[in-house]
Amino acid sequence: PNCNVAVFFNGCAECGHLFADIDWDKLPAWDDSAKGVLDVEIRHRRAARLLAEQVRYEASLLAHERTALDEARKGGQLMPVLEEVEPPPPPEPLPPRCGRKCTRRHRGACLLCDKEFDSHDGHTCEDGRRGSWLLISANINTDPEPDYDDDY
């Protein structure tokens, strides 16, 4: 309808509280913080509902587990005994790689940037990080020393 008439509401437009049966001198006092307090209370109620739902769910799981345990005990069924299994052997150690003090020239891809040694400035990758290479055999490293017991 396009009647251009203002519609009046005898109540609070924010919360919907009706003032129809309240005398003029008994209207509630204006409170600037009422809307903020209402928002906080709504959040608290939502959080409490969520927490109560989670508690009910966990309580139902606990009741189910207790019932299953009681049935297993009353039925004479023994709880299954798991056999002791040996843990798997530890993984083989990784091959040694060059460290901070290494000054050797290497062949193969850098472990950090996957580029060849010749594209590095010494051991420095293009992005500024210190590159590192595996020290596995003399045919990969140009250094003829097969002994890698040093601090590299």
Side-chain angles (χ1 to χ4, degrees), residues 1-104 106 108-136 140 148-152:
N2 293 331
C3 56
N4 291 329
V5 176
V7 176
F8 290 99
F9 174 67
N10 192 8
C12 178
E14 288 291 325
C15 69
H17 182 79
L18 297 176
F19 301 137
D21 295 332
I22 300 176
D23 291 334
W24 184 258
D25 57 341
K26 294 185 180 175
L27 286 173
W30 176 256
D31 185 6
D32 292 334
S33 64
K35 186 171 181 178
V37 170
L38 180 65
D39 289 340
V40 170
E41 288 176 0
I42 289 172
R43 278 191 310 212
H44 285 184
R45 269 186 261 133
R46 284 182 186 154
R49 259 189 232 114
L50 178 62
L51 182 61
E53 181 181 330
Q54 291 173 346
V55 167
R56 282 192 297 271
Y57 176 74
E58 292 295 327
S60 67
L61 287 179
L62 178 62
H64 176 72
E65 290 175 1
R66 283 183 175 171
T67 304
L69 183 60
D70 288 342
E71 288 176 4
R73 286 181 179 159
K74 290 177 184 174
Q77 296 176 352
L78 296 176
M79 298 301 283
V81 178
L82 300 176
E83 295 180 22
E84 289 293 323
V85 178
E86 290 293 322
E92 293 183 18
L94 296 173
R97 48 192 264 182
C98 70
R100 294 186 339 230
K101 298 178 184 177
C102 182
T103 57
R104 299 177 181 154
H106 301 281
C110 172
L111 297 174
L112 295 179
C113 68
D114 205 33
K115 294 186 179 176
E116 295 293 323
F117 184 79
D118 293 336
S119 67
H120 288 72
D121 180 19
H123 277 69
T124 306
C125 300
E126 291 176 356
D127 60 2
R129 296 181 296 173
R130 169 122 178 127
S132 184
W133 285 261
L134 291 177
L135 301 175
I136 22 185
I140 291 181
Y148 296 113
D149 292 332
D150 50 12
D151 290 338
Y152 301 109

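Each residue takes its place number in the sequence, starting with 1.
- A search for side-chain hydrogen bond (donor to acceptor under 3.5 Å, both in side chains) contacts involving E116 returns nothing, not counting sequence neighbours.
- The minimum heavy-atom distance between C98 and G131, with the atom names listed, is SG-O, 4.4 Å.
- Residues satisfying the side-chain contact (heavy atoms from CB on, under 4.5 Å) test with E84, not counting sequence neighbours, are none.
- In terms of the side-chain contact (heavy atoms from CB on, under 4.5 Å) criterion, residue partners of I22 (sequence neighbours excluded) are, by chain and number, H17, F19, K26, L27.
- Not counting sequence neighbours, the partners of D118 by the side-chain hydrogen bond (donor to acceptor under 3.5 Å, both in side chains) test are R105.
- With sequence neighbours excluded, the residues forming a salt bridge (charged side-chain N to carboxylate O under 4.0 Å, His left out) with D127 are R129, listed by chain and number.
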Got a list of side-chain donor-acceptor pairs under 3.5 Å for residues 31-45, not counting sequence neighbours?
residue, atom, partner, partner atom, Å
D31, OD1, S33, N, 3.2
D31, OD1, S33, OG, 3.1
D32, OD1, W30, NE1, 2.4
K35, NZ, E14, OE1, 2.8

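- Pairs of residues two or more places apart, or lying in two chains, never qualify as salt bridge (Lys or Arg N to Asp or Glu O under 4.0 Å) while including a residue from residues 47-60.
- Scanning for side-chain contact (heavy atoms from CB on, under 4.5 Å) contacts around D114 gives A109, with sequence neighbours left out.
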Apply side chain to side chain contact (heavy atoms under 4.5 Å, CB included) to the pair E126 and C110, showing each step before the final yes or no.
CA-CA 11 Å; E126 291 176 356; C110 172; over 6 Å; no
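- In terms of the side-chain hydrogen bond (donor to acceptor under 3.5 Å, both in side chains) criterion, H120 has no residue partners (sequence neighbours excluded).
- Looking at every heavy atom in both residues, R130 comes nearest to H123 through NH1-CB, 3.0 Å.
- Relative ring orientation between W133 and H106 is described as parallel, the plane-to-plane angle staying below 30° on a 0-90° scale split at 30° and 60°.
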